[in-house]
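Quick one: this structure, given as structure tokens, is what I'll be asking you about.
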Amino acid sequence: MNTRRTLFALAFLVLAGCKPDTPATSPSAPATPAGGEKVKLSFIPKNTGNPYFDGIAKGLTDTCAEIGCEVSVTGPSTAEPTSQISFIKDEVQRGAKVIVIAANSPDALNATLDEAKAAGVTVLTVDSDLTGNESHRDVGIFATDFSKMGEFLLDLIGKNINYEGKFAILSATTDAPNQKAWVASINELIKQPKYAKMQLVDTVFGDDKDQKSVTEAEGLLTKYPDLKGILAPTTVGVTAAAKVVESRKVFDKVKVTGLGTPDQMRRFVKDGIVPNFALWSPPDMGVVAAHVGVSLAKSELKATKGTKFSCGKLGEKEITDKNILIIGPPVIFTKENIDQYHFQ
Ligand code: RAM
């Protein structure tokens, strides 16, 4: 994969602005806020204290400063399936016109989101979708096509262990729709001949908590002394696993890779603790969510498949099947390129 993909680099340029190519005609579109009033967006991350979500919040905030909307960020301290429910209700009460949520569960939020939509609130998912329950939100904005992530991740760990030997997955929470989809897909793909010499020995969950992730990574090393790799497709997990192989001095023997942010992982890559890892641009999701949310709230955009959306330097985006909007591919960070990227 080309590690200098243009799309990803463009994430950090100021956007000229996103404009719908197809004007909305739907009479059932959400109510337009009173003339001149700023649209209120509320971002509910999976949980607080995870810098990854600060990136999405930054994209939202920067874009609102440009196009004139308001953003508030609020969320639960832990990422349980139902922990976002009270936050959704509170934000609707507080007058949010758009809820942007990284879902902790594919179905536990359905009824609450339906109530929000019935109250005229536009509901967008970012980062993690209501997989299988997409009708309970308007548009889902993701960095990458979930169906392709399994293969990407399996090849990422595969290349690091020469497609041979035992590896384990350190995931986030068991219910997280994005993590769940990727883990399920890895379990299917591993049956292919290409991965015949690789053995997925375990999948553990650090719940996107620093200490629990460290404990789970340590547990893997103890349980599987011949482990060759840890694949952590979570920014919290991959940082924790990197710390563990560093403190146990086994980074030559156990390769850690996965999805991480450049700011959190820079030191590990530069010091040779982690050979490489990957991610997309969290701020981009926020940028697009702000534009889509405001346009939907103002009935300027129609949330249907085929609607095209020109997003400044990010290029034209199209709402696809299940009202999904994909931003761009992940990039693989190495010692050589990491200093080109600066975000949490
Ligand atoms: C963690 C979260 C998030 C995921 C990233 C890669 O921060 O689990 O949902 O997309 O990692």
Side-chain angles (χ1 to χ4, degrees), residues 8 11 43-59 73 75-81 83-84 100-106 109 124-131 140-150 152-153 156-157 169-186 203-210 212-214 216-217 230-242 256-265 274 276-286 288-289 324 326-333 341 343-344:
F8 192 82
F43 174 43
I44 306 178
K46 281 178 165 182
N47 59 316
T48 51
N50 178 352
Y52 172 85
F53 294 109
D54 298 343
I56 299 177
K58 184 172 185 326
V73 183
S77 55
T78 56
E80 275 101 40
S83 62
Q84 292 164 314
V100 181
I101 186 162
N104 274 325
S105 161
L109 310 174
L124 305 180
T125 46
V126 285
D127 177 58
S128 182
D129 203 7
L130 308 171
T131 310
I141 297 158
F142 312 110
T144 188
D145 184 343
F146 279 10
S147 68
K148 296 191 180 131
M149 272 312 282
F152 175 84
L153 291 167
L156 192 62
I157 184 72
I169 298 175
L170 168 58
S171 180
T173 56
T174 48
D175 274 303
N178 53 350
Q179 299 277 331
K180 226 172 153 172
W182 306 335
V183 172
S185 148
I186 289 170
T203 299
V204 295
F205 299 87
D207 294 344
D208 271 349
K209 290 181 182 154
D210 297 323
K212 182 155 195 289
S213 303
V214 164
E216 293 294 344
I230 297 177
L231 170 66
T234 138
T235 56
V236 179
V238 78
T239 311
V256 167
T257 191
L259 300 177
T261 71
D263 283 0
Q264 286 181 289
M265 295 294 288
V274 169
N276 48 50
F277 66 98
L279 197 66
W280 41 77
S281 160
D284 274 7
M285 282 188 279
V288 176
I324 285 175
I326 302 288
I327 312 279
V331 67
I332 298 175
F333 304 102
Y341 302 96
F343 59 92
Q344 288 185 323

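Ligands are counted one by one from 1 in listed order, and the atoms in each one are counted from 1 as well. Note: hydrogens, waters and symmetry copies are ignored here, and every other heavy atom, side chains too, is used. The shown structure was predicted, so the numbers you read here are calculated from the model rather than taken from an experiment.
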If you compare all heavy atoms of Asn104 against all heavy atoms of Lys46, which two are closest, and at what distance to 0.1 Å?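 That would be ND2-O, 2.9 Å.
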Atom 3 (C) of ligand 1: nearest protein contact (heavy atom, Å):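 Answer for atom 3 (C) of ligand 1: Asp127 OD2, 3.4 Å.
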Would you check whether Asn50 reaches within less than 4.0 Å of ligand 1, judged by its heavy atoms?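 Contact check Asn50 vs ligand 1: positive.
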I need the nearest protein heavy-atom contact for atom 8 (O) of ligand 1: residue, atom name and distance, please.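 Here the nearest protein heavy atom works out to Asp208 OD2, 2.7 Å.
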Evaluate the side-chain proximity of Phe43 to Val126: yes if any heavy-atom separation is below 4.5 Å, no if none is.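 With C-beta onward as the side chain, the pair touches.
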Out of all atoms in ligand 1, which are within 4.0 Å of some heavy atom of Asn178? Include the element for each.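 Answer for ligand 1: 3 (C), 4 (C), 9 (O), 10 (O).
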Is any side-chain heavy atom of Met149 closer than 4.5 Å to a side-chain heavy atom of Ser185?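 Not in contact.
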Do the non-hydrogen side-chain atoms of Thr239 and Met265 ever get within less than 4.5 Å of each other?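 Sidechains of Met265 and Thr239: in contact.
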Relative to the heavy atoms of Lys46, which atoms of ligand 1 are at a distance of less than 4.0 Å?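 Those of ligand 1 that fall under 4.0 Å from Lys46 are 2 (C), 3 (C), 8 (O), 9 (O).
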Going by the angle between their ring planes, with limits at 30° and 60°, are Trp182 and Phe146 parallel, tilted or perpendicular?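 Trp182 and Phe146: perpendicular rings.
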Check this for me: Lys212, atom NZ, are more than 12 non-hydrogen atoms of other residues, nucleotides or ligands nearer than 6.0 Å?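 Yes - once you tally the heavy atoms of other residues, nucleotides and ligands closer than 6.0 Å, there are more than 12.
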Protein heavy atom at shortest distance from atom 11 (O) of ligand 1: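 Sorting protein heavy atoms by distance from atom 11 (O) of ligand 1 puts Thr235 N, 3.0 Å first.
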Numbered atoms and elements of ligand 1 in range of Gln179, under 4.0 angstrom, heavy atoms: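 Under 4.0 Å from Gln179, ligand 1 has these atoms: 8 (O).
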Just going by heavy-atom distances, which of Ala232, Pro233, Ala278, Gly260 is nearest to atom 6 (C) of ligand 1?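 Minimum heavy-atom distance to atom 6 (C) of ligand 1 goes to Pro233.
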